[in-house]
Structures are given as structure tokens and as C-alpha cells.
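In what follows, a single structure is set out as C-alpha cells and then discussed.
Because the structure is predicted, anything quoted here is derived from the model rather than measured.
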Amino acid sequence: MSGKIIGVLIYLGVIFFLGYKAWLKTKESTDYMLAGRSMNPFVLAMSYGATFVSTSAIVGFGGVSGMFGMSLLWLTFLTIFVGIFVAMVFFGKRTRRMGLALDSHTFPEFLGRRYKSKFIQQFSGVVIFVFIPVYAAAVLIGICRMLEVAFPAISYGVWLLVVTAIVAVYVITGGLKAVMYTDAFQGTIMAGMMLILIVTTYSLLGGITEAHQALTDMVNLVPAGLVKGGMTGWTTGPNFESPIGLTVYTTIIYGVGIGVLAQPQLAIRFMTVPSDRELNRAVAIGGVFILLMTGVAFVTGALSNVVFFQKFGKIAIVMAENNFDKIIPLYIDKVMPGWFSGLFLVAMFAAAMSTMSSQYHVGGTSLSRDFLEQYVKIGNNGSSMKLNRLGVTVAIAATLVWAWLLPSGVIARATAFFFGLCAASFLPIYVLGLYWKGMTKTGAKVSMVGGFCFSMFWLLFVHVKEAGFIGLCQAMFGKATLVADAAPGSWMWLMQWVDPNVVALPVSMVLAVGVSLATRRIEERHLRLCWDGLC
């Protein structure tokens, strides 16, 4: 216990030092929102990766892999190929150059200035501010569950308050400089711990081949409820035409793997470097980092079934009492060596704080810069920073409320929800805005609002996880979802497990292209400004 406390205290000392260093260098709004546009490739890559991968991936999705198995490794592939390579090579460079030409400081401001539309900036800012606390709450829940297991004398509710207060101190004061400095430090810790975790896990099971074969041979231990839902084993993918298969492939793999391209807290990092060279160098660093984070978490989560069964006679989900958010924390606490649990706790603390700090920063600046500043006249740079800090404070408070309200086992679901909502609302107008001069202001508005509305409709009335929890469909139509009374096993009935993004993203893209072809093109002078330096 004392070792864990000492490790956490040393870690916090370094974090507060980096936050103080960033605070000294934060003099202008550009410093607070874009880290002065001067980050080096290592800091960029580690900050991007640490923001992308947090306890929501390691604890939440690692726990999901403990229940559903190795099929989640497809998400690892997408996070590396799409989330790192495609994002930095095909999105990052053009975002950096266009953002500089338009003097954009936030992702909503980037979209608004690309289309010369205050409505786009304000609408996207409000969407981000309102919904990113749900994603941040998932991360906060993940680390607090870890701390609850590590320090059982302190309640989960107390940990929510403590962790929130710690992150608030350096995010509110230091802005994006503090966020990225601490992210780089925290990402380094995370990578080291995950490397130790996978080596130790395979050692416990006698090697890579032996470990995977043992998991394959446990197919007869898959619970009957999971088999009925479409599960075929921990080393084989679930049946696609089943509730579990559609959840894994459409929500977890597709929703998160594609949704990463429209994440505001990641896109803003492309505008923090001085040249394309930093983005090129960050690809390799980021790819290795994401492989260590998601790959190790998903493999360890699946293999925890073997370890738990050998040591305790129970599979992972039974050990966690049907709360898969607890699978990874229990594995670390009960299986790994005592010295490692303290270090891993520090790594998870780092993972949570790195992502939450970015979420708080983006949520707060979306409220202040992209909404309030459009109506409140700012007299000077100091007033702008004060307003931004106020926005961050409000975002932090909203996250704390959500963390108290959300039910157990919600980490992966809340993460996928935000990724999917951002993809449906922003991805078409983002990618077409970067590459197609024919994209119009009206097309962008209709696509953004249409994608958002269609995604929310599917969440409230079709997708069973959210629709059932919220209860609006039940109240209005007397059934959990609009297709709940369809014939069990039919495609209509299975629509309840198809992620909203599968339907809403194509709708949003069709609206963007179709409306743009039918409406007036943006004036050429503005397009020349946007494309200045792109080609």
C-alpha cells in the first residue's frame, strides 16, 4: 500500500512541475489553445496517443475483450492505420496548413472559418461541449474503479472528487501546453507498463502459442447467455448476424475505429506543430505507442480468462461479477506481482489524466471560444483566457455529474457513443472541407445538422443500449425500441444492435455532397485563402 502511495505522489509531483512550467509559458490565447504552435514530434505523437488511448481503452475495452475475446484486435488495426497513419498523413498536414491560413484556434473554429459560417462554429462547439463530458466521464470512471480496487478504504465517490480536482488544477491554469507536456510524460509511463504487462502475462501462461491455445481450448466455458447472443469463442469472432456480433463489429470496431478521424481533441493537435516534418516523424512513434496500448490491453483482457480460470476456477466476467469494467483492475490486483500493481496504477492514472485533460480543454474552449465569444465582446487577450478557463471549469463540473449518473459497465459504450456522434456530425464536412473546393456552406450545415439528428434519432429510438436506458421510446410508443416487436432473429430485430454511425455517417455524407452540388459555391477568393500552401 505504501509503495502505491509513494509512486502516485512522485508522479503527481512531476505532473504539477510540468503544469507549472507550462503556466509560466502561457501568455497568450494561442499558447492556451494551441500550445504556441511549437510542439516537437515526440510530444505531438505521445500527446496524440495518450489522448486517444486512456483508461476507457485499457480498462473499458480491455474488459470488453475479456468478455468477447480477441476479435477486438481489429480495432487495434484500425486505430493504427486510420487513427495514426491516415489521420496524420492525409488529415494532419492539410489541417495544420489550412488552420494556419485561417488562424483557427479550435476545431469548431476551423470548421466555421473554412465555410465562413458562425452557425457551424457555434453548433459544433455546443455539440462538443454538451457531449464530450459523457466521454470524459467514462475515462474518469475507469481510473476511479482502478483506485477503488487498489485502495478499498476510500470510496468510489471520494475518488471521483479527488481525481477531478487534480486534473482541474493544471488544465485550468496551463492550457494546452500543460496538457501536451504532461501527456508526453504520461504516455511514456503508459508504454513502459503495458510492455511489462504483456511480457508477464505470456510468461505466466508459458509463452505466446501456449497462451492462445489454452484460450481456444476454453470454448466450452463460454457462458450460455453469450453463446445465445452470438459468441463462438474467445479466439474466434462472434457471429456477425447476432446482437454480440453487431455490437463488436459496428459499435466497437467501426464506430471507434472510424470515429477517431473526427475527434476534436485529436484534430486540434495537428495545429500545434510548426511544420509537416513533425507530423511525418510522429507517425512511427504514434503507431508503436497505439500498438502497445490497445494491442496489449485487448490481448491481456482476453487471456485473463485463462489466468483467472487456472488460479481461481472462474472466467474473467464471473470474477468481475458481471461488470467488465472491473476485469482489468482485478487482473492487475490479483494476478500481477505486487510491485507492478503500484506502477500500473500510476500508468492508469497517467492514461486517465492525459485524456481527461484534453477533453476538459476541448470542451471548455468549445463553450468559451466557439460559443460565448460569439456573443460576448472580449476586450483583450487576458479576458479571452479568463473566459476559456471558465469554460474548462464548467466542462469539468459537467463531467463529474455524468460520472455519478452513468451506470456500471458503461466505459466502452460511452466512448463509442461520442466517437460515433462526432463522426456522423463532423467527419463528412471535415474531410470534404480539406479536399473538395465544391463543398458549400449550405451543404456543410445540412450535413452536420442532419448527421447529428439522425444519429440522435437512432440512439433514442433504435439502438437498444441507449434507447432502453433513456426510456424516451418506451414513454412515447410503449416499447424499448421501434423495432423491439419485430420477429426475433430477423434483420429488422437485429437493427437494435447496429451502431448509429453505420447509418448516420452515410446519410451525412450523402447530404453533404448532394446539397453542395445543388447550392452556390463558396467565393473563389476565400477558397484561395483556404488552399494557401496546400498544393
Side-chain angles (χ1 to χ4, degrees), residues 33 51-57 59-60 106-108 122-145 156-157 159-172 175-176 179 255-256 259-260 262-268 325 351-372 387-426 452 455-456 459-460 465-466 469-470 500:
M33 290 184 284
T51 299
F52 184 8
V53 180
S54 181
T55 49
S56 61
V59 175
T106 66
F107 182 66
Q122 292 169 359
F123 184 87
S124 55
V126 169
V127 168
I128 292 166
F129 168 73
V130 170
F131 292 101
I132 203 169
V134 179
Y135 176 25
V139 179
L140 180 58
I141 290 170
I143 184 56
C144 290
R145 290 299 183 196
Y156 169 73
W159 281 122
L160 286 177
L161 294 172
V162 171
V163 174
T164 297
I166 290 171
V167 182
V169 169
Y170 73 85
V171 179
I172 293 173
L176 195 57
V179 170
V256 176
V260 62
Q263 289 297 290
Q265 72 275 18
L266 299 180
I268 195 66
D325 288 347
M353 291 179 68
S354 59
T355 299
M356 283 192 297
S357 60
S358 298
Q359 292 164 331
Y360 293 158
H361 181 268
V362 167
T365 55
S366 293
L367 173 64
S368 57
R369 176 84 177 188
D370 300 310
F371 185 74
L372 294 179
L387 194 60
N388 285 323
R389 285 171 173 148
L390 174 63
V392 172
T393 303
V394 175
I396 291 172
T399 299
L400 186 59
V401 172
W402 274 112
W404 251 305
L405 294 176
L406 290 174
S408 61
V410 77
I411 296 176
R413 197 193 323 163
T415 302
F417 159 75
F418 184 73
F419 274 57
L421 187 64
C422 285
S425 303
F426 308 136
F452 172 81
S455 183
M456 291 303 297
L459 283 165
L460 294 171
K465 288 293 185 180
E466 291 78 17
F469 174 69
I470 296 170

With a 4.5 Å cut-off on side-chain heavy atoms, are [Y] and [X] touching?
X: Phe418; Y: Val134; answer: no
X: Gln359; Y: Thr399; answer: no
X: Gln265; Y: Ile132; answer: yes
X: Val163; Y: Cys144; answer: yes
X: Tyr156; Y: Ile141; answer: yes
X: Gln263; Y: Tyr135; answer: yes
X: Ser366; Y: Thr106; answer: no
X: Asp370; Y: Phe129; answer: no

Not counting sequence neighbours, which residues clear side chain to side chain contact (heavy atoms under 4.5 Å, CB included) with Val126? List them please.
Val130, Phe371

With no hydrogens and no angle check, is any side-chain donor or acceptor of Ser425 less than 3.5 Å from a backbone partner on Cys422?
no

Nearest heavy-atom pair of [X] and [Y]: which atoms, and what distance?
X: Gly391; Y: Leu367; answer: CA-CD2, 4.0 Å
X: Ser455; Y: Ala424; answer: CB-CB, 4.1 Å
X: Ala414; Y: Ala138; answer: CB-CB, 3.7 Å
X: Pro264; Y: Val362; answer: CB-CG1, 3.9 Å

More than 12 heavy atoms of other groups within 6.0 Å of Trp159 CH2
yes

Distance from [X] atom [atom1] to [Y] atom [atom2], nearest 0.5 Å?
X: Ile470; Y: Leu460; atom1: CD1; atom2: CG; result: 5.0 Å
X: Ile268; Y: Phe107; atom1: CD1; atom2: CZ; result: 9.0 Å
X: Trp404; Y: Leu400; atom1: CH2; atom2: CG; result: 4.5 Å
X: Thr365; Y: Tyr360; atom1: OG1; atom2: OH; result: 14.5 Å
X: Leu161; Y: Leu140; atom1: CG; atom2: CG; result: 9.5 Å

Between Phe452 and Phe426, does a ring pair (Phe, Tyr, Trp, His ring centres under 6.0 Å) hold up when you go through it step by step?
CA-CA 9 Å; Phe452 172 81; Phe426 308 136; 8.7 Å; no

